[in-house]
Amino acid sequence: MRNTLSTDDFTSLLDFLHDMYQLRELPAFHRHAVTALRELAPADVAAYSATDMTRTHPTEHLTDPAGVGDDVAEGYEKFVYQHPLLPLFDRGAQDVVKIADLLSRPKFHDLGIYEEFFHPLRIEHQIAFTVQVDASWVLALSLNRAMVDFSERERQLLACASPHIRQAYKNAEAFTSFSQEARILSQTAQPSQSAVVTMTPGGRVLPPSPHAEALITRYFGAQTRHTLPDGLQRWAQRQRELLDSGVRPAPLVIEKDQSRLTVRMMLDEWSTLLLLTEDSSHIRPEALRSFGLTTRQVQVLEWLVLGKTNAEIGEILDLSPRTVQKHLENIYQKLGIGTRTAAVNRVWEIIRAHR
């Protein structure tokens, strides 16, 4: 293809990329990308979108001008599978592509996504390229116009910018994940035993640290780069629903091979954070005997920590439920607590102190 870019085009491109590479946090990157891209190649609307091709999560949208398409987002989600460019992007294409490259205007107008999304926004022309494609997610930037289609010169300009935008995005993604983890762990009592997973507003997972990835794999099974394993994902979705309804969620606790993983959800200004903390669940009898507990009381307490009821503990240790309860009353007195929950928390304090 013959180069049609001028010296002024390259100057604008360098200014655009200089600013893009300075950005470190993803929210700022997203905002700047749509604003600056629209200045680089004039358009009625610039948009960043993150689309889950499995349609498990709603599409994340950010536009310049802000809020464009919010009132017809339902129509987009209903017909997202009809978007002409998404299948191409999902297969890994990194070219800068126009809808007009794939469909004639009449065929485009026949689509449900045109009728319920593009037409209400008066969008007739779109040019786009991927920022990232991973697992089921397609992240893309697009420019949209009502009247005049995009020229080959504008396509060349975007083609020169797109690989740098992809790299700048990876930089911002890694920095955001690292900085979130560093900030949360600096406030955590057990930073060496904890890790943080950052989720975008739409539910996409930023690349976790090696420690976080190891913990997720150990307790939930292998994950793809931007998606949680099914069990953890369902829990996270449910907890987010509880948070949105004003209910404080309880942590998720999983026991495995004498270790315990506790997952807590926290909301940040932009993202949802999962704090993963692993403890040893092996109780050293000598640590508990220092509180005056007998061997039998230590045994009762071990099973209590594992979530067993009085009846279950009695069956395991060949004791009556009443005898188990009596042991628990003596344990509570020696540990200076008064409930089963307090007993479990006290044991974990003792375990951590003797690691």
Side-chain angles (χ1 to χ4, degrees), residues 1 4 30 33-34 37-38 40-163 165-166 169 200 202-204 226-227:
M1 181 184 296
T4 59
H30 295 153
V34 295
L37 196 66
R38 192 168 167 229
L40 186 66
D44 298 321
V45 180
Y48 160 83
S49 61
T51 305
D52 180 5
M53 298 299 287
T54 68
R55 305 180 73 183
T56 302
H57 301 90
T59 302
E60 294 179 39
H61 282 292
L62 185 67
T63 63
D64 182 59
V68 173
D70 288 354
D71 56 340
V72 288
E74 186 176 338
Y76 182 88
E77 293 299 332
K78 181 179 179 182
F79 291 103
V80 64
Y81 66 94
Q82 292 184 350
H83 195 296
L85 303 184
L86 281 177
L88 188 67
F89 290 160
D90 192 36
R91 293 194 296 269
Q94 295 191 342
D95 296 332
V96 177
V97 188
K98 299 191 294 184
I99 288 179
D101 295 335
L102 305 177
L103 291 180
S104 66
R105 289 283 292 279
K107 288 186 176 180
F108 179 41
H109 289 176
D110 284 343
L111 297 178
I113 195 170
Y114 174 83
E115 183 66 28
E116 297 206 19
F117 181 75
F118 288 106
H119 181 62
L121 300 177
R122 300 183 62 216
I123 292 174
E124 295 292 332
H125 308 282
Q126 183 181 86
I127 190 168
F129 58 89
T130 58
V131 176
Q132 188 177 90
V133 178
D134 192 89
S136 65
W137 289 92
V138 173
L139 281 61
L141 284 169
S142 67
L143 292 170
N144 304 271
R145 287 177 180 166
M147 302 297 292
V148 181
D149 201 357
F150 295 90
S151 68
E152 288 307 304
R153 171 191 152 273
E154 289 168 323
R155 191 201 298 263
Q156 280 193 356
L157 195 59
L158 296 176
C160 290
S162 59
I165 293 173
R166 292 186 187 102
Y169 182 87
T200 69
R204 195 173 63 91
H226 287 295
T227 306

| message | For a quick test of reading the model, state the closest non-hydrogen atom pair linking F108 to Y114 and the distance between them. | response | O-CB, 3.2 Å
| request: Look only at the side chain of E60 and the backbone of G202, and say whether a donor-acceptor pair between them is shorter than 3.5 Å. | output: yes
| Flag, side chain of R38 to backbone of D44, donor-acceptor distance under 3.5 Å | yes
| Can you tell me if Q156 uses its side chain to pair, donor with acceptor, with the backbone of T4 under 3.5 Å? | yes
| For V96 against S162, the heavy-atom pair lying closest together | CG2-OG, 4.3 Å
| Regarding R145 and the six-membered ring of F150, is the cationic atom NZ or CZ under 6.0 Å from the ring centre and inside 45° of its axis? | yes
| task | Return yes if some donor-acceptor pair links the side-chain N/O of R55 with the main-chain N/O of E77 below 3.5 Å, else return no. | result | yes
| field | Shortest non-hydrogen separation from A43 to N144 and the atoms involved | value | CB-O, 3.5 Å
| field | Distance (rounded to the nearest 0.5 Å) between D95 CG and L85 CG | value | 11.5 Å
| task | May I have the step-by-step check of side chain to side chain contact (heavy atoms under 4.5 Å, CB included) for H109 and E124, ending in yes or no? | result | CA-CA 9 Å; H109 289 176; E124 295 292 332; 2.7 Å; yes
| Intermediate values then yes/no, side chain to side chain contact (heavy atoms under 4.5 Å, CB included), V97 and F89 | CA-CA 9 Å; V97 188; F89 290 160; 4.2 Å; yes
| query | Okay, side chain of R166, backbone of Q94: is any donor-acceptor separation there less than 3.5 Å? | reply | yes
| note | Distance col, row D101:CG vs R155:CZ, nearest 0.5 angstrom, shows 4.0 Å
| task | Mark yes when over 12 heavy atoms from residues, nucleotides or ligands other than H119 sit less than 6.0 Å from its NE2; otherwise mark no. | result | no
| query | Does Q82 reach the main-chain N or O of I113 with its side chain, forming a donor-acceptor pair under 3.5 Å? | reply | yes
| Check: F118 and I99 side chains under 4.5 Å, non-hydrogen atoms | yes
| request: Compare all side-chain heavy atoms of L37 with those of L158 and state whether any distance is below 4.5 angstrom. | output: yes
| said: For H125, is there any backbone N or O sitting under 3.5 Å from a side-chain donor or acceptor partner on D149? | reply: no
| remark: Rounded to the nearest 0.5 Å, the NZ atom of K98 sits from the CG atom of L143 at a distance of 12.0 Å
| remark: OG of S49 to CG of L62, rounded to nearest 0.5 Å, is 10.5 Å
| task | Hey, can you tell me if H83 and Y76 have their rings parallel, tilted or perpendicular (30° and 60° cut-offs)? | result | perpendicular
| request: Taking all heavy atoms of P84 and all of L102, pick out the closest pair and write down the distance. | output: O-CD1, 3.4 Å
| query | If you round to the nearest 0.5 Å, how far is CD1 of I165 from CG of L139? | reply | 12.5 Å
| request: For atom CZ of R122, decide whether the heavy atoms of other residues, nucleotides or ligands shown that lie under 6.0 angstrom number more than 12. | output: no
| Which distance, rounded to the nearest 0.5 Å, do you find between the CH2 of W137 and the OG1 of T59? | 7.5 Å
| query | Please walk me through it: do T51 and L86 pass side chain to side chain contact (heavy atoms under 4.5 Å, CB included)? | reply | CA-CA 9 Å; T51 305; L86 281 177; 4.0 Å; yes
| query | Side-chain contact, heavy-atom cut-off 4.5 Å: D71 with P120? | reply | no
| Under 3.5 Å, side chain of T63 to main-chain N/O of V68, donor-acceptor pair present? | yes
